[in-house]
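Shown next, in structure tokens, is the structure this report addresses.
Keep in mind that what you see is a predicted model, and the values were worked out from it rather than measured. First the proteins, then the strands, lettered A, B, ... as listed; each starts at 1.
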Amino acid sequence: MTRKALGAKFFERSTLRVARELLGKYLVRRRGGKTRAFLITEVEAYTGKDDMSSHAANGMTKRNQAMFGRSGHWYVYLIYGMYHCLNIVTETHGTPAAVLIRGLAGVSGPGKVCRELGITTALYGKPAAKSSGLWVEDRASRIQKLGFRIRQTARINVGGDEKAKKRRWRFVLA
DNA sequence: TATTGGATCGCC
DNA sequence: GCGATCCAATAG
């Protein structure tokens with residue numbers, strides 16, 4: 001069975017919708033001749049100037065420019081000097097938005113996701129496609145999908161104003 | 001040019 | 001609770 005990477009059509013939509021629908025999809029990593037697939041279990045949505053918890057809250061900077069770029073590309077950044085965080089860009093080109101991949105089945109936490117899959121800023125701005133070695137597939141069976149239950153909470157450890165902190169833009173597969 | 005602090009993790 | 005450890009962002 002041929003498996004296809006989800007492309008621009010999937011990611012160039014409302015960030016909240018993409019975030020929710022990423023749960024139950026698979027993050028696939030190919031490196032060193034080996035391919036591994038992980039069920040996505042936890043994500044968070046971030047947008048632009050309307051979202052004070054977002055890196056893009058104050059416009060474009062060197063770090064966040066990928067968030068303004070084409071959807072379906074990776075936004076990776078270094079946090080606390082030692083961990084990387086992986087995001088997939090959403091919305092139309094020019095509209096800053098992304099979904100943070102916070103957890104996978106068996107891998108809990110955004111820093112650990114990147115450590116486990118060997119993700120660094122080398123993937124910054126690269127497409128979610130087989131060509132980059134990191135992409136997303138819809139592998140779940142119909143039966144599995146019927147069993148998915150989604151929990152929605154406030155985002156973890158974010159800054160910004162109270163309004164942004166209160167938004168329940170974290171999605172977790174129960 | 002200098003200072004600050006973060007979408008984290010693991011150990012105390 | 002707190003230190004590790006880097007560098008982008010911001011202030012000056």
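Proximity of residues 81-116 of chain A to DNA chain C (heavy atom under 4.0 angstrom from any strand atom) is restricted to A/G81, A/M82.
Between the side chains of A/T153 and A/R168, no donor-acceptor pair is found at a separation under 3.5 Å.
Between A/Y77 and A/H55, a ring centre-to-centre spacing shorter than 6.0 Å is recorded.
Stacking of A/R20 on the aromatic ring of A/F171 is not recorded, the 6.0 Å distance cut-off and the 45° axial limit not both being met. A/F11 does not carry A/R13 over the face of its six-membered ring by the limits of under 6.0 Å from the centre and within 45° of the normal. Geometrically, A/R155 engages A/Y46 in a cation-pi contact defined by less than 6.0 Å to the ring centre and at most 45° from the axis.
Taking atom OH of residue A/Y80 and atom C1' of nucleotide C/dC6, one finds them 13 Å apart after rounding to whole Å. What separates OH of A/Y75 from P of C/dA8 is a distance of 11 Å, to the nearest Å.
Here the separation of B/dG6 from C/dG1, taken at their P atoms, is 16 Å to the nearest Å. Between the C1' atoms of C/dC7 and B/dG10, the separation comes to 22 Å (whole Å). Going from the P atom of B/dA2 to that of C/dT5 covers 23 Å, rounded to whole Å.
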Pairing string, 5' to 3', for DNA chain B - Watson-Crick or wobble contacts under 3.5 Å, brackets [ ] where pairs cross, | to another strand
||||||.||||.
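Note on A/R155: nothing from the nucleic acid sits closer than 4.0 angstrom, heavy atoms only.
Partners of A/S71 by side-chain hydrogen bond (donor to acceptor under 3.5 Å, both in side chains), not counting sequence neighbours: none found. With sequence neighbours excluded, the residues satisfying side-chain contact (heavy atoms from CB on, under 4.5 Å) with A/V89 are A/Y75.
Note that the first and last nucleotides of DNA chain B, 5' to 3', having any atom under 4.0 angstrom from a heavy atom of chain A are B/dG6 to B/dG10.
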When the side chains of residues 101-112 of chain A are checked against the rest of the protein, which donor-acceptor pairs come out under 3.5 Å, sequence neighbours left out?
from	atom 1	to	atom 2	distance (Å)
A/R102	NE	A/E42	OE2	2.9
A/K112	NZ	A/S108	O	3.4

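Checking side-chain atoms of A/W74 against main-chain N and O of A/L134 turns up a donor-acceptor pair under 3.5 Å. Looking at A/N64, its side chain does come within 3.5 Å of a backbone N or O of A/T61 through a donor-acceptor pair.
A/E44 has no carboxylate O lying under 4.0 Å from a charged side-chain N of A/R167, or vice versa, which leaves the two without a salt bridge.
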